[in-house]
Amino acid sequence: MAYWLMKSEPDELSIEGLARLGQARWDGVRNYQARNFLRNMSVGDEFFFYHSSCPQPGIAGIARIKAGAYPDPTALDPQSHYFDAKASAEKNPWSAVDVEHVRTFGQVLGLGLLKQQTALEALALVQKGSRLSVMPVTPEQWQAICALAR
DNA sequence: GCCAACGTTGGC
DNA sequence: GCCAACGTTGGC
């Protein structure tokens, strides 16, 4: 089992929204590096749910992969914000996964707090200029962040 | 709204 | 293959 971190704008999907729904499709990833990480995910993998582009950016909880990567239907939907005119049913370069809620933290672990942690220096999230929205988390980083949540 | 930094596009 | 221009991300 592997660990990950994924960013979502709470206006689109928040940890509270996922808790309410129980599960959701994680779609709209339009970056090849992030997509490749999606494809490496296995059912049962857990990830930190990060809230981005919002008043309180940070890790808001934990969720789990319920179904591994499959072609992202939003790429084929002209109505979707994530529509990709170059994608087709035969050749859809984008992937989605299904996720389920695990835990909402009592308080959001703010980006500032995460940046203070020596144990997280290698995490793409806290590196200058990094915009990666899906990234791997090592077991050590996972433990360090879980400790902050207690 | 600003802006730094990155990724993508497309002409050459 | 280079690289300038453009679009996007995302914190502040």
Side-chain angles (χ1 to χ4, degrees), chain A residues 2-21 24-41 45-65 68-99 101-138 140-150:
Chain A
Y3 296 116
W4 309 92
L5 182 149
M6 298 209 278
K7 296 182 188 174
S8 175
E9 302 191 7
D11 287 351
E12 286 262 337
L13 179 67
S14 67
I15 190 81
E16 293 83 8
L18 180 59
R20 206 175 315 120
L21 296 167
R25 186 176 65 211
W26 201 282
D27 55 29
V29 171
R30 294 292 179 272
N31 167 281
Y32 286 104
Q33 198 183 353
R35 181 210 65 182
N36 291 341
F37 286 131
L38 279 184
R39 291 181 175 180
N40 286 334
M41 292 178 180
D45 284 2
E46 292 190 320
F47 66 93
F48 288 122
F49 195 123
Y50 182 90
H51 284 174
S52 69
S53 298
C54 62
Q56 211 183 4
I59 296 175
I62 296 174
R64 184 189 295 125
I65 304 303
Y70 55 91
D72 182 350
T74 65
L76 308 178
D77 176 7
Q79 310 288 46
S80 172
H81 176 237
Y82 301 114
F83 178 65
D84 178 358
K86 283 182 278 189
S88 64
E90 298 73 33
K91 249 193 150 185
N92 183 347
W94 305 116
S95 296
V97 296
D98 289 342
V99 307
H101 181 265
V102 173
R103 191 150 73 90
T104 300
F105 290 158
Q107 55 183 24
V108 172
L109 306 179
L111 182 59
L113 176 69
L114 299 172
K115 282 183 172 169
Q116 289 170 23
Q117 310 303 314
T118 318
L120 302 179
E121 275 173 358
L123 187 64
L125 181 77
V126 301
Q127 282 165 3
K128 185 175 149 77
S130 174
R131 305 187 316 198
L132 197 57
S133 63
V134 179
M135 69 193 75
V137 173
T138 68
E140 293 75 20
Q141 290 164 343
W142 184 268
Q143 287 308 320
I145 293 167
C146 285
L148 289 176
R150 281 194 284 272

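Proteins get letters first, then strands, A, B, ... in listed order; numbering begins at 1 in each. These numbers come from the heavy atoms of this one structure, side chains and all, not from hydrogens, waters or symmetry mates.
Contact annotation: Lys86(A) reaches the phosphate of dT9(B) (side-chain N/O to OP1 or OP2, under 4.0 Å). OP1 or OP2 of dA5(B) lies within a sub-4.0 Å distance of a side-chain N or O belonging to Lys128(A). Remark: Tyr50(A) is not in phosphate contact with dT9(C), judged by side-chain N or O atoms under 4.0 Å from OP1 or OP2. At dG10(C), one or more side-chain N or O atoms of Lys7(A) fall inside 4.0 Å of OP1 or OP2 (strictly under the cut-off).
For the pair Trp94(A) CH2 and dG7(B) P, the computed distance is 13 Å after rounding to whole Å. Atom-to-atom, CD of Gln33(A) to C1' of dT9(C) comes out at 14 Å; the value is rounded to the nearest Å. Met135(A) has its CE atom 9 Å from the P atom of dG10(C), to the nearest Å. Regarding Arg131(A), its CZ atom lies at a distance of 10 Å from the C1' atom of dA4(B), rounded to whole Å. Asn36(A) places its CG atom 13 Å from the P atom of dG7(B), with the value rounded to the nearest Å. In this structure, Leu5(A) atom CG and dG10(C) atom P are separated by 11 Å, rounded to whole Å. Rounded to an integer number of Å, the gap from Asn31(A) CG to dC6(B) P is 13 Å. For Leu125(A) and dG10(C), the CG to P distance is 10 Å, given to the nearest whole Å.
Partner Phe49(A) forms a ring-ring contact (aromatic ring centres under 6.0 Å, His included) with one of Trp4(A), Trp26(A), Phe105(A) and no other, that one being Trp26(A).
A donor-acceptor pair is defined here as one N or O able to donate and one able to accept, closer than 3.5 Å; such a pair exists between the side chain of Gln117(A) and the backbone of Leu113(A).
Using a 4.5 Å heavy-atom cutoff, the side chains of Arg25(A) and Thr74(A) are in contact.
Taking NZ of Lys86(A) as the reference point, atom CG of Asn92(A) lies at 13.0 Å (rounded to 0.5 Å).
A donor-acceptor contact under 3.5 Å is not formed by the side chain of Arg30(A) with the base of dT8(C).
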